[in-house]
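Inspection log for the structure reproduced underneath, given as structure tokens.
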Number of protein chains: 2
Amino acid sequence: MQEKLRSHIETIVPLTNDEFSFILSLFTVKRFKRNEFIIQEGESVRYAYFVVSGLLKLTYTDDSGREHIVSFAMEEWWESDFQAFFKQTKASMSLQCLEDTIVLGLTLENYEEMSLKVEKMRIFLIKMSNAGFIASQQRIVSLLTNNAKERYEKMLKSYPALFQRVSKTQLAAYLGVSRETLSRFSS
Amino acid sequence: MQEKLRSHIETIVPLTNDEFSFILSLFTVKRFKRNEFIIQEGESVRYAYFVVSGLLKLTYTDDSGREHIVSFAMEEWWESDFQAFFKQTKASMSLQCLEDTIVLGLTLENYEEMSLKVEKMRIFLIKMSNAGFIASQQRIVSLLTNNAKERYEKMLKSYPALFQRVSKTQLAAYLGVSRETLSRFSS
DNA sequence: TTCAATTTGTGATGTATATCACGGCGCACT
DNA sequence: AGTGCGCCGTGATATACATCACAAATTGAA
């Protein structure tokens with residue numbers, strides 16, 4: 001479990017045992033069951049989460065009550081309502097488990113402690129954040145450029161594993177297409 | 001000109017004169033005319049740019065030749081094809097001036113030098129990157145949640161200044177709607 | 001194991017938006 | 001002072017996709 005975090009960080013920066021022990025001490029292990037909410041819209045967001053195992057969806061529910069999936073998070077991804085986390089405001093999104101899930105939670109205080117005390121982690125955090133930014137930007141390009149069927153096929157190619165793990169309803173909510181229309185793509 | 005960069009950085013972290021001089025020495029001033037390309041698709045991307053004055057568009061051209069605007073950048077924004085910049089690969093996007101523009105360019109080498117030598121700048125860079133990530137994620141939410149007219153009206157409210165500066169054609173390419181359809185919104 | 005709830009496919013129809021086609025208007029460049 | 005070209009509006013038509021409705025298949029909780 002801890003090894004997952006360590007090897008994840010060490011894909012970017014090497015750590016001494018002492019450094020890693022310190023870093024680890026800043027995290028809290030949390031376990032959730034399938035369908036449980038980790039973050040609920042309107043509540044405050046105390047943690048950013050590193051996913052050890054399981055699968056999460058980050059969702060936004062619009063005025064009409066329709067749920068849109070902003071992102072999925074699987075093993076070795078970071079997830080939270082980062083806007084609410086960093087600005088310490090109420091969540092505008094929800095974070096919910098699609099499978100039983102184990103995460104490591106990091107408070108904003110500990111996030112800042114980590115980046116103050118462990119120099120290397122700043123480099124790591126910059127790289128993580130840049131990677132997230134670049135991924136979001138590519139999602140924007142895809143939403144602007146490709147129609148629903150193209151987005152579906154692109155995703156099927158890029159993340160075939162996800163198709164085994166999430167329902168078509170969830171996929172549709174991620175791709176920005178209705179369940180029925182998505183259903184007609186596969187056939 | 002330099003003051004713009006300094007005050008921009010100091011909204012996040014204060015700097016000594018020496019620190020700022022050093023930082024400034026890592027940048028190159030560049031001037032471009034309206035319609036000039038700063039980055040062209042397919043070329044390598046040597047710089048990330050801080051916009052001192054003017055207005056830029058970051059665009060992606062799809063297979064059918066249609067141009068989509070990924071983002072606008074005005075004074076005190078950072079812009080580049082960051083994927084290509086950080087990974088040192090060929091640009092998949094273009095960066096073009098919508099007005100005569102002055103930018104400060106930073107190479108990846110100097111970017112890394114800056115974050116190595118000036119501790120505080122790592123904090124700054126993390127915050128910038130997080131802000132970019134959060135903004136992108138909200139754009140995704142808007143693309144998933146709102147229809148074209150809602151996106152148009154939201155933008156009109158959020159960035160009224162931009163409406164004075166860019167053509168409707170450009171706006172349409174940013175909002176992900178055809179020029180003709182957008183034209184029917186205002187009337 | 002059973003039964004309710006969720007998931008999925010599919011037809012019929014409605015609607016938002018794209019596409020094509022055209023004309024006028026204004027601005028930049030010579 | 002033209003003039004050529006990008007910008008903008010608008011009608012007619014096409015199309016991708018949403019919505020509504022229903023039944024079969026699958027799942028999961030008691």
Side-chain angles (χ1 to χ4, degrees), chain A residues 32-37 54-55 57 59-69 72 96-101 140-156 162-187, chain B residues 32-37 54-55 57 59-69 72 94 96-101 140 142-156 162-187:
Chain A
F32 296 92
K33 293 249 168 230
R34 179 182 160 89
N35 291 329
E36 253 190 285
F37 282 89
L55 184 61
K57 63 173 178 182
T59 61
Y60 175 79
T61 303
D62 67 25
D63 306 330
S64 79
R66 201 189 177 88
E67 179 182 289
H68 305 272
I69 296 186
F72 294 109
Q96 191 181 6
C97 301
L98 294 173
E99 301 174 358
D100 295 354
T101 295
I140 290 170
V141 168
S142 177
L143 284 167
L144 289 176
T145 305
N146 304 123
N147 64 24
K149 183 160 198 184
E150 289 165 343
R151 296 202 297 278
Y152 171 81
E153 278 159 0
K154 220 167 190 175
M155 200 189 177
L156 185 57
L162 213 58
F163 278 62
Q164 261 55 49
R165 293 171 74 178
V166 311
S167 72
K168 307 252 171 165
T169 307
Q170 306 296 332
L171 269 187
Y174 177 83
L175 291 170
V177 69
S178 72
R179 184 190 70 69
E180 296 92 329
T181 297
L182 182 135
S183 166
R184 291 183 239 264
F185 292 159
S186 29
S187 53
Chain B
F32 296 92
K33 294 251 168 228
R34 179 183 160 89
N35 292 328
E36 254 189 284
F37 282 90
L55 183 60
K57 64 173 179 182
T59 61
Y60 175 79
T61 303
D62 67 26
D63 307 330
S64 79
R66 201 190 179 87
E67 179 182 288
H68 305 273
I69 296 186
F72 294 109
S94 298
Q96 191 181 5
C97 300
L98 293 173
E99 301 174 358
D100 293 355
T101 296
I140 290 170
S142 177
L143 284 167
L144 289 177
T145 305
N146 305 123
N147 64 25
K149 184 161 199 183
E150 288 165 343
R151 295 201 297 279
Y152 172 81
E153 279 160 358
K154 219 169 191 173
M155 202 189 176
L156 185 55
L162 213 57
F163 277 62
Q164 262 55 49
R165 294 171 73 179
V166 310
S167 72
K168 308 252 172 164
T169 307
Q170 307 295 332
L171 268 187
Y174 176 82
L175 290 170
V177 70
S178 73
R179 187 190 68 70
E180 295 93 329
T181 297
L182 182 135
S183 166
R184 291 183 238 265
F185 293 158
S186 30
S187 53

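Considering only the side chain of A:A148, D:dC17 comes nearest among D:dT19, D:dC17, D:dT10.
Residue-to-nucleotide proximity on DNA chain D shows that, of A:N147 and A:E180, the 5′-proximal contact is made by A:N147.
Contact check, B:T181 against C:dA18: a side-chain N or O comes under 4.0 Å of OP1 or OP2.
If you measure from atom CD of B:Q170 to atom C1' of D:dC8, you get 13 Å, rounded to the nearest angstrom. Regarding B:Y152, its OH atom lies at a distance of 11 Å from the P atom of D:dC8, rounded to whole Å. Between A:R179 atom CZ and D:dC17 atom P the separation is 17 Å, expressed in whole Å. Rounded to a whole Å, the CG atom of B:L182 is 16 Å from the P atom of C:dA16. Following rounding to the nearest Å, B:Q96 (CD) and D:dG6 (C1') show an atom-to-atom distance of 14 Å. Following rounding to the nearest Å, B:L98 (CG) and C:dA28 (P) show an atom-to-atom distance of 14 Å. Look at CZ on A:F163: it is 12 Å from P on C:dT8, rounded to the nearest Å. What separates NZ of A:K168 from P of C:dT8 is a distance of 7 Å, to the nearest Å.
Rounding to the nearest 0.5 Å places NZ of B:K154 at 13.5 Å from CG of B:L156. Rounded to the nearest 0.5 angstrom, B:L182 CG and B:Y174 OH are separated by 13.0 Å. To the nearest 0.5 Å, atoms CZ (B:R184) and OG (B:S178) are separated by 7.5 Å. Here the CG-CG distance, from B:L144 to A:D62, works out to 10.0 Å after rounding to the nearest 0.5 Å.
Heavy atoms of A:S167 sit under 4.0 angstrom from primed sugar atoms or phosphate atoms, though from no base atom. Residue contacts shown for A:T169 are limited to sugar-phosphate atoms, with no base heavy atom under 4.0 Å away.
Here the closest non-hydrogen pair linking B:K168 and B:S186 is NZ-OG, 3.6 Å.
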Can you list the steps and then say if B:R66 with B:S64 is a side-chain contact (heavy atoms from CB on, under 4.5 Å)? CA-CA 6 Å; B:R66 201 190 179 87; B:S64 79; 3.7 Å; yes
I'd like to know whether B:T101 forms a side-chain contact (heavy atoms from CB on, under 4.5 Å) with B:R34, so could you lay out the CA-CA distance, the side-chain angles of the two residues, the decisive distance to 0.1 Å, and finally the verdict. CA-CA 7 Å; B:T101 296; B:R34 179 183 160 89; over 6 Å; no
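Contact of B:R184 with C:dT19 (side chain to base): a donor-acceptor pair of N or O atoms is detected under 3.5 Å.
Rounded to 10 degrees, the angle separating the terminal helix axes of the helix from C:dT1-D:dA30 to C:dT30-D:dA1, each built from five base pairs, is 60°.
With ring centers used as reference points, B:Y152 lies under 6.0 Å from B:F163.
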All N/O pairs under 3.5 Å across the protein-nucleotides 24-30 of chain D interface:
none

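The shortest distance between side-chain heavy atoms of A:H68 and A:T61 does not fall below 4.5 Å.
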